[in-house]
Every structure is written in structure tokens, then in C-alpha cells.
Protein chains: 2
Amino acid sequence: MVSNMQRSVSNFRLKAACSNCNLRELCLPIGLSIDEMQQMDDLSRLKRGYARGDYLYRSGDKFQSLYAIHSGSFKTQALHEDGREQVTGFQMHGEIIGLDAICTDHHTCEAVALENSEVCELPFNKLETLSRKFPSLQRHLHKIMSREIVRDQGIMLLLGSMRAEERLAVFLLSLSQRFAARGLSPTQFQLRMSRQEIGSYLGLKLETVSRSFSNFQDNGLINVKARSVELLDLPSLHSLVGKQL
Amino acid sequence: MVSNMQRSVSNFRLKAACSNCNLRELCLPIGLSIDEMQQMDDLSRLKRGYARGDYLYRSGDKFQSLYAIHSGSFKTQALHEDGREQVTGFQMHGEIIGLDAICTDHHTCEAVALENSEVCELPFNKLETLSRKFPSLQRHLHKIMSREIVRDQGIMLLLGSMRAEERLAVFLLSLSQRFAARGLSPTQFQLRMSRQEIGSYLGLKLETVSRSFSNFQDNGLINVKARSVELLDLPSLHSLVGKQL
DNA sequence: CATGGATTTTGACATATATCAAACCGGTTA
DNA sequence: TAACCGGTTTGATATATGTCAAAATCCATG
């Protein structure tokens, strides 16, 4: 085990090492030595920018790397054979995407920038090599993958058993929480995605999303005007979730 | 790289080593030496039996191990705060469950035996230790987790954009394929779960599941009587999926 | 600042699925 | 065999969300 002292020191250094690529997800909870840090640092030299609408990867692309979002945000969407597509997630600063591609060596969905964004490329081979050397990194990688599974199961629950307004409330509260975790306002933010994209993610048509927004506004729960949202009554939004029927 | 010769030898030995616990998922694609085999073999000594209705683990349980299903089948279900529960998957022989627990060190869903079943317990610490030593095992573990993510995204697609009969068709075809992969009939099988459980998994009420079954039967696509199912027209079932509207 | 295209909102109406209720069935127990 | 019980099927009706269409608004660009 690493002592507390050691850990806090290495966490400090970690921040420095990751400063060229703020790997919140990947870095924060790990306690590494300075030498280890050095190697971690080599992992993700490549930072690349993407303009709104650019593809980070497309379905079918050969899998090489995971991507840590450094700034901006993305959506991932799965494509069905019959042409249907569905948004499977919205990712923002500090989150890792590309995990779906490991199992087939090819990406099974596509990732599109919702705004101008930067990502760090994490070559998966290197990541595996390093994580064989550093148990804490190994465990952390496993946790990231597991968290993605849990997240997906939460969405399955949402899609399988919630009504439109519950889904939207869950969506807004999740955004709120994620903004808060990044030091941004939990109650006032700009949506980076269209009604259509929200609907696709929540299993609803855009008109239903729009109506639900309007209802929330009429009931004093939120202020919404196009893509700018203000959450006025978080407790009520919370309590709205789970009111079946 | 391991030569083909080597790989086929080690795969042979692998079968022997895993004979006390048929780890289809975990073992098959790995090429290991005899010594490595020995260590793998030590991994999963514990095989335990569960009767229909028994819990393999419950939500909140401390995470210790993954479980490889050796015989029988299970359902996993997530519990919502408000008491709602939703089936998130049905697992059968050779599949691994428990991946959701890695990220929080506690199980976030529960696993219940659908019939009398046996599982091999895979202590996760040991699995991590071994996978640091054996890159092929490491990669395989990553693939298993990634496959779970892809599977979940498939269900999100189903829940988010398919109509009742499409969902049921996908469900039946998936079962069919999995039975086939295990050397069982892809067209004739017994369901191990109730209409209620199928409905929960597919985001439908049991009556809707029942009606969809009946419609399929009326259209000559299947024969169904209670829990025994015969798929009569696989092509039509396939083509049914993706007919939006 | 004006224009035009995309996005969003709102309305009227259609429909798939949920809900409620009753009948049916198969297996188990008395 | 009869009675019973959980699970399943089927029917009648209600409702949430989808569909189609028009109006309103936003935003980028000239």
C-alpha cells in the first residue's frame, strides 16, 4: 500500500504531469511515483482539436485508442442496420470514450463533436502495457469500464420504465451534477445538443422533449429558452422522478 | 506472438484445465503455457450451486468476485430508489456476471437464479493479478467488459427506438443465437423466464409481451405454448426488425 | 440590418401500448 | 379427482406519446 503522504505527493505531481492533457478520469485517483508519472506522461502526448460536427471516429473504424475529452463535448451514437441511429451518450471534459471498440477491435458507434473540442488520444496498447505495471492504473481502468456499464444500465432503466417528463428530469439532473463536478453552475447552463438529439438519447421524439420542457417551465421548475436552461427547483425535479403513473 | 502450433496445444490443455469449471467466456480464446494454465486453474476452484430463486448477489453486497455461469441461467435486475425494478439481462452458461460492481466495490444490481444453476466464483483480485502477468488474459478481460458495454448499448437502441413486436423478435433471435452457440437447437427451446420478466427486460407490460407472442403465432412465425417456443420462420423474424412505423 | 435556413414551439389528431378485468390453463396439493 | 394458485391469454377501454403541420424563434451570413 502507498502511504497517505506518498499519495498526496504523487497526486500533486500527477496534476503537473497531466497538465498538458487534463485526464481527470484517468489521473485523479491514482497514486503513482515520479518515475511512474513520467511513463504516464508519455502515454498521451497527442492532443487534437475537433470542430463542431467533426467525427472523432466512425462506426467500423479500426480501434487504436481511447480518447479523453480535454475540452468541449461529444455525442456518441449507435447505428442500426436499418438506418436508425440513436444517441447513446453525451460526453464532456474529463470523460473517456471509445470503450465499446475493445471487444471487436472496431468501433461500434460513432463520436461527433458537439462544439469545438480537444481530446487526448490514449493508445490502448500503451494503456494495457502500463496497467500491467501499475496495479492502481489497472484497477482504475477497470473502474472506468465498469462505470460505463453501470451508466448504461441506468439508461436502460430510464428507457424501459420512465415516462417522458421523468426521463427529461433525470437528464437535466444528470447534466446539473456533471457541471457541478466540474466547478460550473449546477443550475444554469447551455445545452450543447438539439431537442432532436436529446430525444434520441431519451427515446422520445423532439416534439415530446419540447413539450416536456415547456411543461417544466409552466410549473416553475425551470427556465428554458432554446438551449439555455436554468434549473429553478431542483428538489421538485428530483421528486418528479419515480412518480409512476 | 504465439505460433499457431503453440496456440492449439495450449487451447487443448486449457480445456482440460477448465474442465472443472467450464469457463467458455474466460478461457476459449486464450493461448497460455502449461504453467500459466496451472495458475489459471487455481483461479476458480469454487463451484457453487444455486436453486431457482436464489440470489447470487444482492444490490449493495460488497464486491469480491465475478461469476462465470457453469450451468443453468440467471437474471440480473437493477433496483430504482422508488422501488421500481428492471431486468437488465438474462445470462446463461459460459457468461460472466458481476462486472457492474467493480466501479463502486459494491454490487449495483442483483442476480437471481432462474433455475437450478452452478457458477464458478472468480475472485477479482486474483483475476487482476493474473491478468497483469498474462497479457492475453488481460486483453480478454477487457474484451468481456467491452462486450458488456456493447450489449447494453444494443438494448438501449431496442428500448429507445423499437416497437413491441420488434423488441420481442430481437429477444427471440438473440436467444436463438445464444442457444445455437452452445450447441442447442436455435429453433426450439424453453424459456426460463416469465412474461413479466421478459416484459421488464424489454420495457413492456406482460400483456403486451403475451399479445406479441400470440400475433407471431397467428402469423406463422412461431409456435408458442406457455414457456416452450419454436421459431418457425427465422427470416421473417429478422425482417420484422427495422420496419419502423 | 435583412434574409433564409434550421431549430423550436405549439396545435390537432392518430395510434401503440398500458390499464383493468375476466377467463383460461397447467401443475401441485389436499 | 377436486380445488387451488401462479402464470398466461384475451378483451374493452384509457392514455401517453407519436405524427403531421404550421407558426414562431434563433442564428449565421451576406
Task: Whole angstrom value for the distance that separates P of D:dC27 from CD of A:E115 - done: 15 Å
TODO: Using whole Å, report how far CZ of B:R163 lies from C1' of D:dA16.
DONE: 17 Å
Open item on the list: As a test of reading the structure: which of D:dG18, D:dT8, C:dT9 is closest to the side chain of A:T208, going by heavy atoms?
Closed with: D:dG18
Task: Distance below 4.0 Å between B:R227 side-chain N/O and D:dT8 OP1 or OP2 - done: yes
Open item on the list: Donor-acceptor check, side chain of B:D82 to backbone of B:R84, threshold 3.5 angstrom: yes or no?
Closed with: yes
- [ ] Grab the CG-P distance between A:L191 and D:dC26 for me, whole Å please.
- [x] 15 Å
Task: Nearest to side-chain heavy atoms of A:K205, which nucleotide of C:dT17, D:dG18, C:dG26 - done: D:dG18
Open item on the list: The side chain of B:E207 is closest to which nucleotide in this list: C:dA21, C:dT17, D:dT8?
Closed with: C:dA21
TODO: Have a look at B:L204 and say if it touches a base, only the backbone sugar-phosphate, or nothing, with a 4.0 Å heavy-atom cut-off.
DONE: sugar-phosphate
Open item on the list: What's the closest nucleotide to the side chain of A:K225 if the choices are C:dA21, D:dC26, C:dT17?
Closed with: D:dC26
Open item on the list: Using every non-hydrogen atom in the two residues, find where A:A164 and A:S212 come nearest and quote the distance to one decimal.
Closed with: CB-OG, 4.1 Å
Task: Flag if over 12 foreign heavy atoms under 6.0 Å of CD, A:Q177 - done: no
- [ ] Starting from the 5' end of DNA chain D, give me the residue, A:A226 or A:M162, whose nearest nucleotide shows up first.
- [x] A:M162
Open item on the list: Here's a test of your reading of the structure: between A:E165 and A:Q190, which maps to the more 5' nucleotide of DNA chain D?
Closed with: A:E165
Open item on the list: Please determine whether a side-chain nitrogen of the Lys or Arg among B:R182 and B:E95 lies less than 4.0 Å from a carboxylate oxygen of the Asp or Glu.
Closed with: yes
TODO: Would you classify B:R211 as touching base, sugar-phosphate or nothing, given that sugar-phosphate means primed atoms plus P, OP1 and OP2, and contacts are heavy atoms under 4.0 Å?
DONE: base
Task: B:R52 CZ - D:dG6 P separation (whole Å) - done: 13 Å
Open item on the list: Between C1' on D:dT17 and CG on B:L159, what's the gap in Å once rounded to a whole number?
Closed with: 16 Å
Open item on the list: I need the CG-P distance between A:L206 and D:dG18, as an integer number of Å.
Closed with: 10 Å
Open item on the list: How many whole angstroms separate atom CE of B:M193 from atom P of D:dG7?
Closed with: 14 Å
Task: Within 6.0 Å of CZ in B:R227, more than 12 heavy atoms from elsewhere - done: yes
Open item on the list: Any base atoms under 4.0 Å from A:S210, or only sugar-phosphate, or nothing? Heavy atoms, all strands.
Closed with: base
TODO: Return the value, rounded to whole Å, for the distance between atom CG of B:L202 and atom C1' of C:dA18.
DONE: 15 Å
Task: Sugar-phosphate only, base, or nothing, as touched by A:G203 at under 4.0 Å among non-hydrogen atoms - done: sugar-phosphate
